[in-house]
Amino acid sequence: MLYICNSPYQLLNAINHKIHFGSIEDDLVIINMFPDSKGMFERIKKSAFFRDVFYISNPCNDIDKIKQYYYTLFPSSLIRKYTDDFSFLDRTYEKIIVPAYLSNMTKAICAYNGKKTNEYIVIEDGVGTYAYGLYKLSNYEIICSKILRKGIGTCMFSKLLVYDKTLMQVNVGLPIDKMPKIEREDWVLSIFESIYGSSKGFIFPEKYIFMFESEIYGVTTEMQISILNDLANVVGKENIVVKPHPKTDKVKLKGYKILAGVIPWEVYCLYNNMNEKTIVVMNSTAGFTPNIILGDICRLVFVNDYSYFDDSSYSDLCKKMQHCFAEKHKGIDIQRISNTSDYHE
């Protein structure tokens with residue numbers, strides 16, 4: 001099998017899938033779409049968990065339409081342009097595993113393999129998959145696949161794997177199978193430690209986790225610092241740990257314990273009993289992660305209403321997932337607070 005990953009979450013899914021369904025002949029392609037992707041490539045390669053690991057330096061999501069049309073017809077020229085080792089192009093894979101989010105580079109790799117690969121399997125890519133479904137082919141991609149037999153449209157996607165089928169909000173046009181939850185058995189944890197480092201750096205006793213978000217959808221650094229300080233006044237700084245988004249990893253927060261931004265949030269969830277934690281978010285959907293991938297039931301607190309969002313689709317996503325979790329996972333304590341005293345149980 002060949003796994004293609006654009007993000008730390010996708011890497012976690014690839015590792016989990018390989019644990020349950022993989023073999024010694026599985027390869028991995030990492031595409032540079034997240035901080036420290038090259039470092040992650042080196043660590044995974046050193047771990048020898050995959051047979052071979054390949055690194056592509058550019059996802060090519062910003063190329064213009066004309067170039068997209070060209071590379072749809074000639075995908076290998078795009079792939080070879082951004083990697084030093086493209087030997088995976090010469091291999092025949094029975095299955096290719098892709099994330100629900102398809103970068104232009106991911107599409108190029110799939111298009112190049114086309115029908116020489118028997119099966120393409122899609123793995124969920126976070127809550128966006130549950131709310132919005134999968135990538136939709138453009139008219140040009142449909143024409144290329146039907147008339148020229150070229151492009152991503154020639155790939156036979158067989159199914160979508162998700163951690164929780166009950167959370168799906170849309171019809172994706174594919175059979176949906178359950179992805180096994182990530183297990184906390186010692187041999188599984190040892191695999192993650194070989195890639196991410198010693199577990200001692202992942203375990204924290206603090207009860208409250210504040211998810212510091214990037215400055216998008218109207219959220220500002222100043223706004224979050226103010227709310228974080230309000231939280232500290234109620235529960236105490238010593239009881240809070242801050243998990244910054246990778247894009248906000250350099251924000252200075254005096255007096256707070258900070259979890260390294262380059263380590264995926266999902267890895268921290270794996271090494272801590274999230275049932276005992278309270279996750280405080282502005283409106284990030286990352287608070288749902290412990291339940292989705294592990295089955296842990298934590299207390300989840302959303303700080304603001306949706307009035308400050310400048311992206312209605314994102315606010316719709318948050319509303320949709322909160323409603324869905326409230327209906328189908330009644331053990332999760334989801335709250336929206338009007339004042340900081342509500343942080344206490």
Heavy-atom distance under 4.5 Å between the side chains of [X] and [Y], does that happen here?
| X | Y | value |
| --- | --- | --- |
| Y71 | K81 | yes |
| L2 | T117 | no |
| Q10 | I123 | no |
| E206 | I240 | no |
| Y120 | N113 | yes |
| K207 | V235 | no |
| M168 | L160 | yes |
| M274 | I279 | yes |

Side-chain ([X]) to main-chain ([Y]) donor-acceptor, under 3.5 angstrom:
| X | Y | value |
| --- | --- | --- |
| N13 | P99 | no |
| E213 | M282 | yes |
| S226 | M223 | no |
| N104 | C60 | yes |
| S37 | M33 | no |
| T72 | Q68 | yes |
| T83 | Y55 | yes |
| D64 | K67 | yes |

_Lys/Arg cation over aromatic Y3: K18, 6.0 Å, 45° cone_ = no

*With a distance cut-off below 6.0 Å to the six-membered ring centre and an angular limit of 45° from the axis, does K45 pair with F50 as a cation-pi contact?*
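Not flagged: K45 not positioned over aromatic ring of F50.
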
Within 6.0 angstrom of [X] [atom1], more than 12 heavy atoms from elsewhere:
| X | atom1 | answer |
| --- | --- | --- |
| K178 | NZ | yes |
| K116 | NZ | yes |
| E42 | CD | yes |
| K46 | NZ | no |

Looking only at heavy atoms, what is the nearest atom pair of [X] and [Y], with distance?
| X | Y | result |
| --- | --- | --- |
| I292 | Y130 | CG2-OH, 3.6 Å |
| C5 | L28 | SG-CD1, 3.7 Å |
| P290 | C269 | CG-SG, 3.8 Å |
| L270 | I182 | CD1-CG2, 3.5 Å |
| H17 | L161 | CD2-CD1, 3.5 Å |
| A286 | W265 | O-NE1, 3.0 Å |

State the [atom1]-[atom2] distance between [X] and [Y], to the nearest 0.5 angstrom.
| X | Y | atom1 | atom2 | value |
| --- | --- | --- | --- | --- |
| I109 | L89 | CD1 | CG | 7.5 Å |
| I121 | E119 | CD1 | CD | 4.0 Å |
| N272 | L259 | CG | CG | 8.5 Å |
| I143 | E141 | CD1 | CD | 10.5 Å |
| L73 | C144 | CG | SG | 5.0 Å |
| I56 | F54 | CD1 | CZ | 9.5 Å |

*I would like to know whether I293 and N16 meet side-chain contact (heavy atoms from CB on, under 4.5 Å); could you show each step before the answer?*
CA-CA 10 Å; I293 68 171; N16 188 36; over 6 Å; no

_Checking S158 against L174 for the side-chain contact (heavy atoms from CB on, under 4.5 Å) test, could you report, in this order, the C-alpha distance in whole Å, the side-chain angles of both residues, the deciding distance, and whether it holds?_
CA-CA 7 Å; S158 63; L174 289 176; over 6 Å; no

Side chains of [X] and [Y]: do they bring a donor and an acceptor to under 3.5 Å?
| X | Y | value |
| --- | --- | --- |
| N32 | S57 | no |
| Y256 | N229 | yes |
| Y9 | E266 | no |
| K107 | Y135 | yes |

*Test log, rule side-chain contact (heavy atoms from CB on, under 4.5 Å), inputs I225 and F212*: CA-CA 9 Å; I225 291 175; F212 207 96; 4.0 Å; yes

_F202 and Y268 aromatic ring geometry - parallel, tilted or perpendicular at 30°/60° bounds_ =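 Perpendicular.
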
*Which class fits the ring pair Y196 and F192: parallel under 30°, tilted 30 to 60°, perpendicular over 60°?*
parallel

*asked:* Please evaluate residues H20 and E183 with respect to the criterion side-chain contact (heavy atoms from CB on, under 4.5 Å), reporting the C-alpha separation (whole Å), side-chain torsions for both, the decisive distance (0.1 Å), and the verdict.
replied: CA-CA 10 Å; H20 289 92; E183 300 171 349; 3.7 Å; yes

*Give the C-alpha distance, both sets of side-chain angles, the deciding distance and a yes or no for salt bridge (Lys or Arg N to Asp or Glu O under 4.0 Å) between R51 and D27.*
CA-CA 5 Å; R51 177 179 62 177; D27 294 335; 2.8 Å; yes

Check the hydrophobic clustering (I, L, V, M, F, W, Y; side-chain heavy atoms under 4.5 Å; chains of links allowed) and say if [X] and [Y] are grouped together.
| X | Y | value |
| --- | --- | --- |
| W187 | I44 | yes |
| Y82 | F88 | yes |
| F21 | I96 | no |

*Apply the side chain to side chain donor-acceptor pair (under 3.5 Å) test between D296 and each candidate in K277, K181, R184; give the one that qualifies.*
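When side chain to side chain donor-acceptor pair (under 3.5 Å) is applied between D296 and each of K277, K181, R184, only R184 qualifies.
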
